[in-house]
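Heads up: the structure comes next, in structure tokens.
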Amino acid sequence: MAIITHDVVIAAAPRRAGLVTTVLRFCRKKPLGAAGGALVMVMVLTAIFADQLATHDPIATDAAATLAPPGEAHWLGTDHLGRDIYSRIVHGTRVSLAVGLLSTLLGSVFGGMVGLVSAYFGGKTDLITQRVLDILQGLPLLVLALVMSAALGPSIENVVIAISIPIMPRAARVIRASVLSIREMQYIEAARALGLRHLRIAFRHVLPNTIGPFIVLTTAQLGSAILTEAALSFLGLGVPEPYPSWGRMLSVSAAEYAQKAPHLVLFPGIAISLAVFGSNLLGDALRDTLDPRLRGAQ
Amino acid sequence: MPRLRPIVVLAAVCVLTAAIVATPAISQTPKSGGVLTVMQREDLPQGFAILETSTISSVWPSMPCFSNLVIFDPLKKQESVDTVIGELAEKWSWQDTYRNLVFFLRKGVKWHDGQPFTSKDVKYTFDMLRETPDAAGKLRINPRKDWYANVEAVEAAEPHTVVFRLKKPQPSLLLMLASGYSPIYAAHVPAATYRTTCVGTGPFKVKEWKKAEYVEFVKNPDYFIKGRPYLDGLKYIPIPERGTKFAALQAGRLDVAFPGDATKTIAEQVTKAEPRIKATITGQNVNDNLLLNVTKPPFNNVKLRQAFSLAIDRRGVVQSVHQGGAAVGASMAPKPFGVWGMLDKDLASLPGYGKAADEKAKAKKLLAEAGHGPSNPLKVELATRAIPQYLDFASFVINELKQVGVEATLKQIETAQWHPLATRKEFQAGPNLTGIGIDDPDANYFENWACGSPRNYGGYCNEQIMKMIEAQSQELDAKKRLAMVIEIQKKLEADAGRPTIAWRQDYYLQWQHVKNLIPHQSIYNWGRMQEVWLDK
């Protein structure tokens with residue numbers, strides 16, 4: 001049995017393309033997805049080099065320069081407390097990306113585990129788990145995040161937890177669907193026949209084969225996580241003051257001064273739109289590329 | 001065309017002039033009828049229980065139901081002892097050099113449930129507020145107990161006479177009784193009832209309170225002032241979100257704003273968009289201050305308190321947080337709206353009121369003396385209410401503290417949890433707003449600075465200053481009292497027990513067809529509505 005497997009692996013091993021070739025091929029086949037990837041990459045780099053890219057301290061107030069229009073001293077103007085909007089957007093990228101990525105990963109990993117266990121063991125475990133997930137999925141993402149955030153209080157950690165919980169049932173459903181088909185595969189049957197333990201089969205042989213749907217899920221959820229963080233911050237339940245968050249920049253005070261200084265809401269709004277747009281484009285393209293049923297789709 | 005005789009032209013001009021002059025006079029004759037729609041900041045946190053509340057959110061929509069013994073004349077914008085008029089009391093008299101205050105009550109006044117009003121109701125109310133052992137009622141919370149600390153007894157010997165016997169002379173007691181915070185409760189109605197409905201003697205009766213939707217009042221046909229109120233009813237509509245509520249006002253869904261809610265910028269935008277809405281600029285008697293918990297480290301160290309006070313650029317707060325819609329002042333409201341505030345030239349000599357850079361240098365020096373510098377920065381957690389008015393101020397404070405090397409983080413507290421937390425002193429420091437019922441030193445100092453007062457959140461207690469507060473309270477000569485109050489302000493600023501940063505101004509908005517709703521210099525005392533009418 002082992003010899004046969006060895007032979008099959010050798011015979012079936014394809015020639016692996018390099019990373020650059022893969023990326024170039026992806027760009028050629030999915031130009032919109034590549035544009036989305038570029039936007040996400042710009043976000044990542046902005047977050048990493050925020051200290052170098054910012055022109056001012058993002059929390060520094062300046063009573064002499066309140067509501068200044070975009071100009072040389074302040075590229076995107078200042079808010080009602082005289083804080084530099086460009087620097088706040090640059091530093092806000094860290095918050096948005098960190099909250100978006102962490103909550104998506106947390107929700108996807110935990111949800112994935114639940115989906116794996118539920119599908120692998122099946123029976124009553126699957127039945128009970130699915131009903132609990134039905135209840136969780138019945139609640140809209142934003143409403144559930146609002147309730148969680150209000151209950152836990154405003155802080156970055158709590159926002160991450162609040163956003164990750166509604167992601168969990170979605171992740172569980174996607175991974176469960178993959179596991180349901182994988183567990184019927186012959187190599188899983190073979191592993192069982194060899195007497196391998198359930199944990200080893202689940203984590204060594206089933207889980208690695210769900211990585212495709214997992215990546216698609218993560219990128220697809222990133223945009224909505226960023227948007228939820230912005231909504232929570234807008235409602236005062238997100239990242240606490242004075243740390244910059246795109247959603248909070250659009251919040252009550254900005255709305256109050258929007259007629260007098262429209263740049264207060266314009267630039268953070270553009271930042272949110274681009275981030276969500278970018279991650280959605282990338283997510284769609286990855287789904288098309290990694291999903292065998294959609295591989296031919298353009 | 002025949003030429004007109006000069007006499008005819010003159011007569012025509014006279015008639016026209018008389019007509020033009022007379023027209024506004026005719027339109028100023030009050031009209032009866034109509035329902036006033038009123039902006040409400042949030043749902044009523046304590047219902048109609050004014051005696052249990054510390055927020056204008058409850059006082060404003062509850063005032064039309066109640067009556068006081070006396071009240072500030074609703075038609076005069078500047079409150080003072082000269083503008084106090086009788087309400088349930090027809091007249092009053094100070095006796096024994098301000099030691100006894102005798103009220104002669106109106107006869108024939110009825111509660112909204114038809115029961116007669118008597119002096120027993122007055123005694124019941126003030127015994128409950130003073131928490132006397134034989135008080136017939138009890139309040140769940142009693143924020144202004146210290147307003148009446150000097151009252152020895154309230155006697156209701158006759159059905160229409162009440163005597164307040166004081167331990168020491170206190171002329172300001174009359175002003176505190178004129179505040180919207182001092183209504184008379186019915187002795188035959190349990191105090192807890194007022195949390196859900198209202199039995200008062202005021203110009204309007206509660207028709208319905210649909211939580212978070214509206215509070216409706218109808219005219220009280222048995223109101224004791226004949227011909228009042230002019231309006232048939234009132235409807236208060238709670239709209240918490242700032243943009244939405246002022247859009248509703250601009251669209252004509254509301255007739256008047258909520259006191260203290262419109263900032264200078266909002267007022268400018270709304271009046272520009274709708275010229276028929278007028279803005280009245282006045283004081284609020286609400287200040288931005290920095291709560292410091294002096295009962296435990298680090299702020300039991302006066303040097304650190306002083307450093308915090310020096311670090312905050314007060315003019316910067318006025319300029320940025322309020323966009324110029326506030327004024328710098330010490331612990332009493334500054335002029336022109338406040339009576340007891342210090343003049344700018346006197347303020348300039350106080351710590352924290354000089355040039356921002358110089359004051360920050362002094363703050364750094366004090367921090368260094370207390371052992372804090374770049375290698376050992378002072379770390380502080382600030383707590384504040386999670387609403388924009390507080391958060392903007394908190395953001396400014398954090399940056400100011402950062403400039404002198406203090407690392408401050410912010411903990412946002414929901415409104416419902418804020419007052420219990422502050423009363424239990426479960427905070428280190430907190431950017432805060434404090435509203436005071438009336439512009440008078442007794443109301444402010446006994447409520448917010450007296451040792452042991454429930455509203456003295458930071459726990460500041462200075463025996464020497466307490467003696468000065470009590471001395472000014474008994475002083476009958478107005479000039480001498482003002483001098484004493486200024487000395488108290490100087491000492492409080494030097495001690496930095498609760499640094500005052502700025503005094504907010506109100507840009508009260510109302511449609512031009514609303515008449516006789518005159519904003520006062522304190523937001524708490526002009527919501528009775530009995531004189532208001534609609535020129536529609």
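Only this structure's heavy atoms are used, side chains among them; waters, hydrogens and symmetry mates stay out. Lettering follows sequence order; numbering is per chain, from 1. Everything quoted here is computed from the prediction, not taken from an experiment.
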Can you give each donor-acceptor pair under 3.5 Å made by side-chain atoms of residues 229-242 of chain A, sequence neighbours left out, with the distance rounded to 0.1 Å?
from     : atom 1 : to       : atom 2 : distance (Å)
A/Glu229 : OE2    : A/Ser233 : OG     : 2.8
A/Glu229 : OE2    : A/Ser245 : OG     : 3.1
A/Ser233 : OG     : A/Glu229 : O      : 3.1
A/Ser233 : OG     : A/Ser245 : OG     : 3.0
A/Glu241 : OE1    : B/Ser395 : OG     : 3.0

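Shown here is B/Arg276, whose CZ atom has no more than 12 heavy atoms of other residues, nucleotides or ligands within 6.0 Å.
The two atoms that bring B/Gln323 and A/Leu67 nearest to each other are OE1-CD1, 3.4 Å, heavy atoms only. Contact between A/Tyr257 and B/Val321 at its shortest, heavy atoms only, is OH-O, 4.2 Å.
At a heavy-atom separation below 4.5 angstrom, chain A is approached by B/Ile398, B/Asn399, B/Glu400, B/Lys402, B/Ala408, B/Thr409, B/Leu410 within residues 398-411 of chain B.
Put simply, CZ on B/Phe396 and CD1 on A/Ile59 are 12.0 Å apart, with the number rounded to the nearest 0.5 Å.
No part of A/Asp79 comes within reach of chain B, as not one of its non-hydrogen atoms sits under 4.5 angstrom from that chain. Of the atoms belonging to A/Thr61, heavy atoms from both backbone and side chain fall under 4.5 Å from chain B.
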Derivation of the side-chain contact (heavy atoms from CB on, under 4.5 Å) call for A/Lys260 and B/Glu268: CA-CA 10 Å; A/Lys260 200 172 176 180; B/Glu268 283 169 0; 3.8 Å; yes
Apply the test side-chain contact (heavy atoms from CB on, under 4.5 Å) to residues A/Arg248 and B/Leu391: give CA-CA distance (whole Å), side-chain angles for both, the deciding distance (0.1 Å), then the verdict. CA-CA 11 Å; A/Arg248 190 175 282 281; B/Leu391 292 172; 3.8 Å; yes
